[in-house]
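Worksheet: one structure, shown below.
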Amino acid sequence: MKFNGVEETLFIPLAARVLISKNYPNYFLDTKSLELENLEQVKSINKKTNEYLTFASVARYYVFDKIINNFINKNKDVNIVSLGVGLETMNYRIKDNNNKFYSIDFDKVIDLRLEILGKKENETLIKSDILDMKWTEKVDKNKATLFVVAGVFQYLKEEQILKLITNLKEKFKNSEMIFDATNSFGIKRAINYVKKTGNKNAMMYFYVNNEEKFANLANVELLEVYNFLKKLEKY
Ligand SMILES: C[S@@+](CC[C@H](N)C(=O)[O-])C[C@H]1O[C@@H](n2cnc3c(N)ncnc32)[C@H](O)[C@@H]1O
């Protein structure tokens, strides 16, 4: 299967989850990702990256999983919608309960996901550009909904993200979103990190220098800001 630059980035966080699960299972253990440790792309990326950056990448899942679990505990019967799902194994790490998982990505990515991860009973796979709002018709709008955007917004422009947030806010009255972003300094390092893994075609644009300013621009309530790397230093 041939991927474009952005689609191909899906192997990078998978490789990170494999490496850290193998070397630091007390910190983070993702047994579903570990099943994919022999994928050529995973092996090739893990030969080229360094452990600190890999750790930083996985810190995102460590924090996101806690937020997702809190959201489920608070709201019970919920939608967890992963925008740009790639080969994310979150729905294997998070307890099932009555949650519904929606996994959205480009056609080829969803085909690959189905081929190598299969599909859980409570998961709906949606082939779509996340910016094309037609996909929202497939999601139950009466449930509390958490949008999970891991390692995706970097590849979009700020105006695209603002429009997406406005559209989602309009359609899903009871919803929250978690996403990761660096500041303008970090985005330069992130671009180098992705290049180092061998992907020279995935350009990154979006960063956040001031969270409150961004929340104001998006016209949303800022619930919490986490510094993944700070949490890592304490570990
Ligand atoms: C770095 S990967 C992250 C994958 C996954 N979220 C994870 O954490 O493992 C970026 C993913 O976002 C997807 N993506 C980027 N822009 C997208 C868009 N406009 N619509 C749908 N998927 C998109 C790519 O195809 C890729 O699977």
Side-chain angles (χ1 to χ4, degrees), residues 1-21 28 30 32-36 39 41-42 45-46 49 53-54 56-65 67-68 80-94 101-117 123 125-136 138 146-165 167-168 177-182 187 190-191 193-206 228:
M1 213 175 279
K2 190 103 185 77
F3 292 109
N4 69 33
V6 176
E7 290 167 333
E8 194 148 27
T9 60
L10 61 89
F11 293 107
I12 303 171
L14 171 66
R17 292 194 302 275
V18 167
L19 195 74
I20 299 303
S21 295
F28 181 84
D30 182 334
K32 191 69 184 171
S33 288
L34 270 179
E35 287 174 19
L36 305 178
L39 270 185
Q41 293 92 334
V42 168
I45 289 169
N46 281 341
T49 51
L53 288 175
T54 307
S57 167
V58 167
R60 171 171 73 199
Y61 302 101
Y62 179 86
V63 172
F64 273 29
D65 285 3
I67 299 173
I68 297 166
I80 309 289
V81 181
S82 179
L83 303 177
V85 70
L87 294 174
E88 220 312 38
T89 37
M90 164 185 84
N91 54 338
Y92 293 86
R93 297 192 304 272
I94 302 289
F101 288 94
Y102 293 87
S103 303
I104 307 163
D105 211 306
F106 294 118
D107 293 23
K108 273 188 273 179
V109 173
I110 294 296
D111 285 341
L112 178 76
R113 182 178 176 85
L114 194 57
E115 188 187 318
I116 67 180
L117 283 176
E123 181 183 15
L125 301 175
I126 304 178
K127 293 178 173 180
S128 174
D129 186 324
I130 58 172
L131 303 175
D132 174 356
M133 301 312 290
K134 270 213 195 99
W135 65 260
T136 59
K138 299 191 175 150
L146 180 64
F147 298 105
V148 180
V149 201
V152 179
F153 276 173
Q154 292 81 347
Y155 302 100
L156 300 175
K157 305 236 167 96
E158 186 178 79
E159 59 269 25
Q160 293 175 305
I161 296 166
L162 290 172
K163 194 163 173 216
L164 173 65
I165 293 174
N167 286 335
L168 291 176
M177 173 184 277
I178 40 175
F179 69 90
D180 59 300
T182 65
I187 198 80
I191 290 168
Y193 173 53
V194 169
K195 280 195 182 141
K196 217 170 163 189
T197 65
N199 187 330
K200 310 255 187 282
N201 300 315
M203 200 47 217
M204 292 185 169
Y205 308 96
F206 178 68
F228 302 155

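Predicted model only: the values in this text are computed from it and were never measured. Ligands are counted one by one from 1 in listed order, and the atoms in each one are counted from 1 as well. For the single chain, residues carry numbers from 1 onward in sequence order.
Interatomic distance, W135 CH2 to I104 CD1, rounded to the nearest 0.5 Å: 4.0 Å.
Legend: residues meeting side chain to side chain donor-acceptor pair (under 3.5 Å) with D180, ordered by chain and number and at least two apart, are R60, Q154. Residues satisfying the side chain to side chain donor-acceptor pair (under 3.5 Å) test with D105, not counting sequence neighbours, are none. E35 meets the side chain to side chain donor-acceptor pair (under 3.5 Å) test with K32; sequence neighbours excluded.
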Extract all N/O-N/O pairs under 3.5 Å that connect ligand 1 to the protein, and present each with both atom names and the distance rounded to 0.1 Å.
residue: ligand 1; atom: 6 (N); partner: G84; partner atom: O; Å: 2.8
residue: ligand 1; atom: 6 (N); partner: A150; partner atom: O; Å: 2.9
residue: ligand 1; atom: 8 (O); partner: Y61; partner atom: OH; Å: 2.5
residue: ligand 1; atom: 8 (O); partner: A150; partner atom: O; Å: 3.4
residue: ligand 1; atom: 9 (O); partner: R17; partner atom: NH1; Å: 3.2
residue: ligand 1; atom: 9 (O); partner: Y61; partner atom: OH; Å: 3.4
residue: ligand 1; atom: 19 (N); partner: D129; partner atom: OD1; Å: 2.9
residue: ligand 1; atom: 20 (N); partner: D129; partner atom: OD1; Å: 3.4
residue: ligand 1; atom: 20 (N); partner: I130; partner atom: N; Å: 2.9
residue: ligand 1; atom: 22 (N); partner: D105; partner atom: OD1; Å: 3.3
residue: ligand 1; atom: 25 (O); partner: D105; partner atom: OD1; Å: 2.7
residue: ligand 1; atom: 27 (O); partner: D105; partner atom: OD2; Å: 2.7

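A salt bridge links R93 to E88: at least one charged side-chain nitrogen sits closer than 4.0 Å to a carboxylate oxygen.
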Fill in: Trace of the side chain to side chain contact (heavy atoms under 4.5 Å, CB included) decision for R17 with L34
CA-CA 8 Å; R17 292 194 302 275; L34 270 179; over 6 Å; no
